[in-house]
Amino acid sequence: MTTSAYTLASGRDWQVSDVVCTAGVADRPLEEEHRNFCVAVVTNGTFRYRASQGTAMLTPGALLLGNPGTCYECGHEHSAGDRCLSFHFGPAYMEQIAADTPGAKRLAFETPRLPPLPALAPLLAEAEAARETADIEAFEELGLRIAGAAVASGITPAARVPSRRDEKRVAEAVRRIELDADRPVSLAALASATATSPYHFLRTFRRVAGMTPHQFLLKTRLHRAAVRLRMSDEAISTIAFGAGFNDLSTFNRRFRRVMGEAPGAYRLQRRGDKLLNASAVPAL
């Protein structure tokens, strides 16, 4: 069996890898042991997964669930090859998420997989897009959200109105993001500043602000870039890097997705509008 794993991003007690398997129906099943908690997003192909929780067929959109210290087996009885985004979390990491998840009773996955659930589809699409665009900054937040979804599977916590304290924490985090938007902003650092766990902070921020911290950071960067495109003649690359983007192609792609046109076209269009408005003013 041929399996390759490329580490995409990592942090304190977590790691995410792009795992590609090229095994076929004639190959022996892979036998290994989960060293930490594993939540693997299947993005391509199918395979049979057997662990202490049971046996399941994994298909695109499903989540493979693994507990630390347990042996598992993956085989391709019906088709060849698969690809997964494999998130690995230390026990302390998952323990904190379980503690912050209402209704979570024990720190262990009782089922070998979560099927492709419609509620998870947007989150998994974000994760796959982050892999394809090498959006490394997004994985810290995506890992927390995916781990939280796995822990909370089957649990429907009651909706809670944000407290004044939660609103104050989010307001302070928003101000910090605005001040440091041109530099890398760590989710862990934002949570630490509010004296909460990263997972609790992430859920609180999303409930109060209507988006995640990373989404707010990108919105802030793109807004500032759009203003500078409208007001200055600086090179687009200078504006992109000054707004906090480390890669020009990533900036162009995100700008087009949000603004509806490429940065250069956006600048020309706004200049055209300005000239048109100026010509419409009657001469005195």
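Closest non-hydrogen pair, Pro29 versus Glu73, comes out as CB-CG, 3.4 Å. Between Thr101 and Ala152, the shortest heavy-atom distance links the atoms CG2-CB, 3.8 Å. For the pair Gly148 and Ile97, the tightest heavy-atom approach, listed with the atom from each and the gap, is CA-CG2, 3.9 Å. The heavy-atom pair separating Thr70 from Ser52 by the smallest distance is CG2-OG, 3.8 Å. The minimum heavy-atom distance linking Ala243 with Ala225 is given by the pair CB-CB, 4.2 Å. Of all heavy-atom pairs spanning Tyr93 and Gly143, the tightest one is OH-C, 4.0 Å.
With a 6.0 Å radius and a threshold of 12 heavy atoms from other residues, nucleotides or ligands, Arg253 has its CZ atom above the threshold. Environment of CG in Asn246: sparse, with no more than 12 heavy atoms of neighbouring residues, nucleotides or ligands closer than 6.0 Å. Residue-environment remark: CZ (Arg50) stays at or below the threshold of 12 foreign heavy atoms within 6.0 Å. The environment of CD in Glu95 is sparse: at most 12 heavy-atom neighbours from other residues, nucleotides or ligands sit within 6.0 Å.
Leu144 and Ile136 fall into different hydrophobic clusters, where Ile, Leu, Val, Met, Phe, Trp and Tyr are joined by side-chain heavy atoms under 4.5 Å apart, directly or via other members. Linking ILVMFWY residues whenever their side-chain heavy atoms come closer than 4.5 Å, directly or via other members, leaves Val19 and Phe87 in distinct clusters. Taken together through direct or relayed side-chain contacts under 4.5 Å among Ile, Leu, Val, Met, Phe, Trp and Tyr, Leu142 and Tyr199 form part of one hydrophobic cluster. Met231 and Ile236 are not part of a single hydrophobic cluster, where members link through side-chain heavy atoms under 4.5 Å apart. Val227 is not connected to Leu229 by any chain of hydrophobic side-chain contacts under 4.5 Å among Ile, Leu, Val, Met, Phe, Trp and Tyr, and they are in different clusters.
Below 30°, between 30° and 60°, or above 60°: for Phe251 and Phe255 the angle between ring planes is between 30° and 60°, a tilted geometry. Aromatic ring pairs are classed by plane angle as parallel below 30°, tilted from 30° to 60° and perpendicular above 60°; the pair Phe205 and Phe201 is tilted. Phe37 and Phe109 have perpendicular rings, their planes meeting at more than 60° on a 0 to 90° scale where under 30° would count as parallel. Note on ring orientation: taking the six-membered ring where Trp is involved, the planes of Tyr49 and Tyr72 are tilted (angle from 30° to 60°).
Taking a cutoff of 4.0 Å between a charged side-chain nitrogen and a carboxylate oxygen, Arg256 and Glu261 do not qualify as a salt bridge. A salt bridge links Glu128 with Arg131; the closest basic N to acidic carboxylate O contact falls under 4.0 Å. Under 4.0 Å is where a charged nitrogen must lie from a carboxylate oxygen, and between Glu137 and Arg183 no such pair does. A salt bridge does not link Asp100 with Arg203: none of the charged nitrogens is closer than 4.0 Å to a carboxylate oxygen.
For the atom pair CZ of Arg83 and OG of Ser4, the computed distance is 9.0 Å after rounding to the nearest 0.5 Å. In this structure, OG in Ser17 is found 10.0 Å from CZ in Phe139, a value given to the nearest 0.5 Å. One finds the NE2 atom of His223 at 14.5 Å from the CG atom of Leu218 (value rounded to the nearest 0.5 Å). Going from atom CD1 of Ile177 over to atom CG of Leu217 covers 6.0 Å, rounded to the nearest 0.5 Å. The OG1 atom of Thr194 lies 9.0 Å from the CZ atom of Arg165; values are rounded to the nearest 0.5 Å. Here the straight-line distance linking atom CG of Asn252 with atom CZ of Arg257 works out to 12.0 Å at 0.5 Å rounding.
Counting only N and O atoms by type, the side chains of Thr133 and Asp135 include no donor and acceptor under 3.5 Å apart. Using a 3.5 Å distance cut-off with no hydrogens or angles, the side chains of Thr111 and Gln53 do not pair a donor with an acceptor. Defined by atom type and a distance below 3.5 Å, a donor-acceptor pair is missing between the side-chain atoms of His76 and Asp27.
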Problem - Pair Thr59-Met57, side-chain contact (heavy atoms from CB on, under 4.5 Å): steps then yes or no - result: CA-CA 7 Å; Thr59 59; Met57 176 63 71; 4.3 Å; yes
Handout entry: Test log, rule side-chain contact (heavy atoms from CB on, under 4.5 Å), inputs His34 and Leu64
Key = CA-CA 12 Å; His34 290 299; Leu64 176 154; 4.1 Å; yes
Exercise for the section: Check the pair Arg113, Leu58 against side-chain contact (heavy atoms from CB on, under 4.5 Å), reporting the backbone distance first and the verdict last. Expected result: CA-CA 8 Å; Arg113 63 122 196 206; Leu58 277 295; 3.8 Å; yes
Problem - Test log, rule salt bridge (Lys or Arg N to Asp or Glu O under 4.0 Å), inputs Lys168 and Glu172 - result: CA-CA 6 Å; Lys168 181 176 183 294; Glu172 291 172 350; 2.5 Å; yes
Problem - Check against side-chain contact (heavy atoms from CB on, under 4.5 Å), Glu140 and Arg12 - result: CA-CA 10 Å; Glu140 179 186 20; Arg12 185 177 180 181; over 6 Å; no
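At least one side-chain heavy atom of Leu63 sits under 4.5 Å from a side-chain heavy atom of Val41. No side-chain heavy atom of Asp82 sits under 4.5 Å from any side-chain heavy atom of Asn44. Between Arg267 and Ser232 the shortest side-chain heavy-atom distance falls below 4.5 Å. Using a 4.5 Å cut-off on side-chain heavy atoms (C-beta onward), Asp13 and Phe89 make no contact. The side-chain heavy atoms of His214 and Leu187, taken from C-beta on, include no pair separated by under 4.5 Å. Looking only at side-chain heavy atoms (C-beta outward), Arg254 and Met259 stay at 4.5 Å or farther from each other. Pro112 has its side chain out of reach of Leu65: every pair of non-hydrogen atoms, C-beta onward, lies at least 4.5 Å apart.
No donor-acceptor distance shorter than 3.5 angstrom exists from the side chain of Thr238 to the backbone of Glu234, with no hydrogens or angles considered.
With respect to Thr212, the side chain to side chain donor-acceptor pair (under 3.5 Å) criterion is satisfied by exactly one of Glu141, Arg206, Glu126: Glu141.
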